[in-house]
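The structure under discussion appears below in the form of structure tokens.
Counting starts at 1 for both ligands and their atoms, following the listed order. For clarity, every value in this text was computed on a predicted model and none was experimentally measured.
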Amino acid sequence: MKRHLIMLGLALCLPVAASACRRGDVDTSGQPKTAPEEGAAPSGGEATSAQSPEEIAAARKLSPADVAAALKTYMPTGRHDEYVQFASAGHGGQILAIGIPSMRLLKVIATFAPEPWQGYGYGAKSTEETLDGGNAGDKELRWADDHHPALSETEGDYDGQFLFIGDKANSRVAVIDLRDFETKQIVKNPISNIDHGGMFVTPDTEWVVEGGQYATPLGGAYAPMEEYKEKYRGHITFWKFDRAAGRIDMAKSFALEVPPYWQDLCDSGKKVSNGWVFCNSINTELATGKNGDEGAFFESGVSQNDMDFMHVVNLKKAVELVEGGRTTEINGFKVLGLDTAAKEGALYFIPEPKSPHGADVTPGGEYVVVGGKLDQNATVYSFQKIQDAIAAGGLETDDYGVPIIPFDKALEAQVQLGLGPLHTQFDDKGFAYTSLFLDSAVAKWSLGGDYRKDGLEPWALITKTPTQYNIGHLASAEGDTVSPDGHYLVAMNKWAIDRFQNVGPLVPQNFQLLDLDQPQVDQMPVIYDAPIGIGEPHYAQIIKADKLKGWEKYPEIGFDPHTMAKDPDAPVIGSEKVERDGNKVTIHMTAVRSHFTPERVEINKGDEVTLKITNVEQTYDATHGFAVPVYNINLSLEPGEVQTVEFTADTAGVFPFYCTEFCSALHLEMLGYLLVKDTPAAQ
Ligand code: RUQ
Ligand code: CUA
């Protein structure tokens with residue numbers, strides 16, 4: 001009972017800023033008792049004509065620490081950031097590319113949602129096809145809850161080639177090619193309606209791992225919740241990535257059926273643990289929610305047990321079983337059954353405390369760190385001990401026949417950090433950084449084993465830095481690789497409250513940049529606050545900028561970004577024309593500063609139009625747009641790019657089409673007329 005009350009208290013704190021929780025200023029509705037006073041936030045100082053650094057600092061009320069932070073993050077004009085952070089844009093459905101340390105927004109990459117600026121989903125046929133790839137049967141899906149971005153890796157290091165991101169809302173994966181930073185593929189998981197949006201690559205990106213979440217009957221069929229235990233299942237899906245093609249290969253991908261616990265975050269083993277995958281889970285209680293007077297709300301029903309199960313997958317073994325034909329098919333998708341996986345040594349469980357969250361493998365692959373939303377510790381498991389326990393055998397099983405490795409047999413250490421540890425990142429000096437949701441802080445702590453050569457106490461808390469407020473994920477530079485860089489860490493906070501100018505009740509979120517390069521081991525100041533006004537940015541990875549080898553232009557004139565090859569049929573200078581075959585009209589058009597050819601296209605109402613247009617420029621940044629009013633068409637044509645639009649000319653009238661990128665002094669003159677005659681189409 002007492003335990004239950006404590007838990008409830010924590011749950012009340014969950015939705016509010018931890019500072020309010022600590023003060024006890026929380027009523028039973030979970031709201032802070034005292035709202036921040038209006039206009040109470042300190043001003044950032046006024047504009048000043050002062051010129052010396054000291055005078056400017058004084059006029060703007062900047063402390064020495066503020067000045068140091070400014071100097072560490074300021075990027076003079078023309079200089080580039082050392083790192084690029086790829087952050088999910090949450091339920092905005094895009095990805096944000098943000099420079100570090102400046103925190104400047106570099107690009108919003110259209111992913112699951114149409115994005116007019118990039119001509120994504122507004123007529124360009126290839127982008128419509130990409131979006132349609134993520135449809136659920138005949139349901140057109142045009143938004144997503146982007147969760148975890150994952151950069152492609154070679155030998156465990158980010159290689160700067162591809163980026164993957166998961167859609168929690170619909171159990172989908174998108175593939176972005178980092179040559180042109182465009183989304184090339186969206187796949188929908190055929191057996192699952194929802195997942196955690198977690199994406200985790202294996203060290204050579206052979207597999208992209210998707211952890212499930214809320215259990216359902218696999219394949220999407222109906223089953224009453226009374227049959228939860230028998231008919232509902234979780235999954236961990238392994239998407240096979242074909243690097244040469246730049247695409248996920250559905251036919252070679254498979255899902256692992258697991259019990260209806262809620263799988264959550266995974267991480268791939270690396271180095272010594274290469275070939276294994278670890279996922280935390282919750283709801284071993286098999287809670288099914290509150291229905292009238294029956295049952296309990298999920299928030300308490302799912303949090304009854306002191307331990308849930310970390311899923312330990314022997315991926316090598318699982319692949320062997322799949323290749324040996326030991327799978328069944330659901331909706332045409334390969335599924336490795338729970339029975340087979342459990343009996344053949346592809347799946348094990350290890351108890352993990354309390355309301356576990358996150359599973360993060362250390363750079364050398366020796367340890368797995370798990371947080372606990374209602375715990376105070378980071379729990380560290382040893383991969384070697386896990387292997388020893390498996391080898392020793394004699395393991396008991398859970399209700400579904402999965403062997404359980406005893407907690408104490410796998411445990412390396414528990415490090416008391418504070419309230420609500422979630423996710424962990426690493427640096428190059430043997431330190432780990434864990435987000436504390438309830439404490440609203442980042443904890444820095446020391447790893448042990450081979451990581452500890454500096455004489456510091458192993459497995460111990462070193463310091464905490466408060467974040468504003470309620471941090472979820474955190475990302476350190478190259479923090480998920482076999483060789484993290486350290487230097488910077490970004491705290492992704494769920495609440496921002498008083499940090500920024502009021503822009504109405506929907507508040508931007510707050511990315512806070514922490515400086516890891518301090519002379520004292522226990523210093524880790526916040527040096528920048530970046531409001532993110534798009535969705536709930538969930539997770540991010542930070543890559544060294546010089547690993548990114550983005551193109552400045554498409555390699556050839558008439559290049560199709562969808563096939564990543566030259567389209568032999570792309571219009572070029574001199575080949576422009578309008579062809580008619582019955583009511584089918586084909587327009588071959590080119591764009592160059594500052595005109596379209598042809599500039600006048602006259603067709604009939606009812607014509608079926610195919611328009612092909614090439615930007616024949618080869619100058620860096622000479623992008624042209626192509627917008628047709630009323631017809632809902634807008635393309636973005638980067639230098640060399642060809643796009644195709646198909647539409648029926650069902651509305652008669654005069655439609656000046658024009659370029660939407662301000663490309664030259666005569667950009668305003670870069671237009672043409674689409675004239676649609678209100679006469680029956682010629683036969
Ligand atoms: S998981 S905030 Cu949804 Cu990425 Cu831990
Ligand atoms: Cu092309 Cu404006």
Side-chain angles (χ1 to χ4, degrees), residues 14-15 87-91 117 119 144-150 165-169 194-200 209-214 262-267 279-282 355-360 369-373 420-425 434-438 440 442 467 469-475 479-480 490-495 509 511 535-541 589-597 599 613-617 619 621-627 634-639 641 656-672:
L14 277 169
S88 81
H91 40 300
W117 170 56
D145 187 8
D146 277 14
H147 263 221
H148 289 222
I165 192 154
D167 165 22
K168 166 163 174 155
I194 193 165
D195 65 4
H196 195 121
M199 286 293 115
F200 310 87
V209 184
E210 172 197 358
Q213 184 101 97
Y214 309 128
W262 297 350
Q263 293 71 39
D264 202 20
L265 280 303
C266 307
D267 201 1
C279 304
N280 81 280
S281 76
I282 49 178
S355 193
H357 197 60
D360 294 287
V369 182
V370 171
K373 304 193 293 287
L422 298 182
H423 300 287
T424 299
Q425 290 275 284
T434 299
S435 51
L436 303 176
F437 181 85
L438 294 173
S440 202
V442 175
T467 56
Y469 299 90
N470 296 77
I471 177 174
H473 276 277
L474 72 185
D480 285 315
V490 174
M492 282 156 256
N493 303 315
K494 308 291 188 192
W495 287 62
Q509 281 178 280
F511 277 19
E536 192 236 42
H538 190 88
Y539 183 51
Q541 284 188 335
M589 189 177 279
T590 59
V592 70
R593 273 164 293 167
S594 309
H595 58 266
F596 296 106
T597 308
E599 281 193 333
I613 177 168
T614 310
N615 176 352
V616 296
E617 303 254 12
T619 307
D621 203 10
T623 293
H624 298 290
F626 177 82
N634 186 40
L635 312 181
S636 173
L637 301 156
E638 284 82 77
E641 177 171 349
F657 57 88
Y658 75 103
C659 170
T660 41
E661 282 274 338
F662 211 111
C663 54
S664 74
L666 297 176
H667 152 81
L668 207 58
E669 287 77 7
M670 190 165 176
L671 81 153

Exercise for review: Go through the side-chain N and O atoms of T614 and T590 and say whether any donor and acceptor fall under 3.5 Å apart.
Suggested key: no
Revision key, fill the gap. Atoms of ligand 1 under 4.0 Å from any heavy atom of H357, numbered from 1 in the order shown, are 1 (S), 2 (S), 5 (Cu)
Review point. Under a heavy-atom criterion of less than 4.0 Å, does M492 contact ligand 1?
Key: no
Review point. So, E617 and H624: side-chain donor and acceptor under 3.5 Å apart, yes or no?
Key: yes
Check your understanding: Counting backbone and side-chain atoms alike, does S594 have an N/O/S atom under 2.8 Å from atom 1 (Cu) of ligand 2?
Key -> no
**Study point:** Proximity to ligand 1 by part of L265, non-hydrogen separation under 4.0 Å
**Key:** side chain
Exercise for review: Assess the side chains of D146 and H91: does a donor N or O sit below 3.5 Å from an acceptor N or O?
Suggested key: no
Check your understanding: By atom name, which N, O or S atom belonging to H624 lies closest to atom 1 (Cu) of ligand 2?
Key -> ND1
Point to revise | Side-chain donor-acceptor pair present, H473, H148, cut-off under 3.5 Å | key: yes
Check your understanding: What angle sits at atom 1 (Cu) of ligand 2 between SG of C663 and SG of C659, to 10°?
Key -> 120°
Practice item. Out of H423, K168, H196, H147, indicate the one that has the non-hydrogen atom closest to atom 2 (S) of ligand 1. Key: H423
Check your understanding: Taking just the N, O or S atoms of H667, which one is nearest to atom 2 (Cu) of ligand 2?
Key -> ND1
Point to revise | Minimum-distance atom from atom 2 (Cu) of ligand 2 among N, O or S atoms of E661 | key: O
Check your understanding: Hey, is K373 touching ligand 1 through its side chain, its backbone, both or neither, going by heavy atoms under 4.0 Å?
Key -> neither
Review point. Quick one: are the ring centres of H147 and Y539 less than 6.0 Å apart?
Key: no
Point to revise | Flag for Q509-K494: side-chain donor and acceptor within less than 3.5 Å | key: no
Review point. Got more than 12 heavy atoms from elsewhere within 6.0 Å of CZ, F596?
Key: yes
Practice item. Verify whether one side chain among S636 and E638 offers a donor that lies under 3.5 Å from an acceptor in the other. Key: yes
Point to revise | Subset of ligand 1 atoms that lie under 4.0 Å from at least one heavy atom of H148 | key: 1 (S), 4 (Cu)
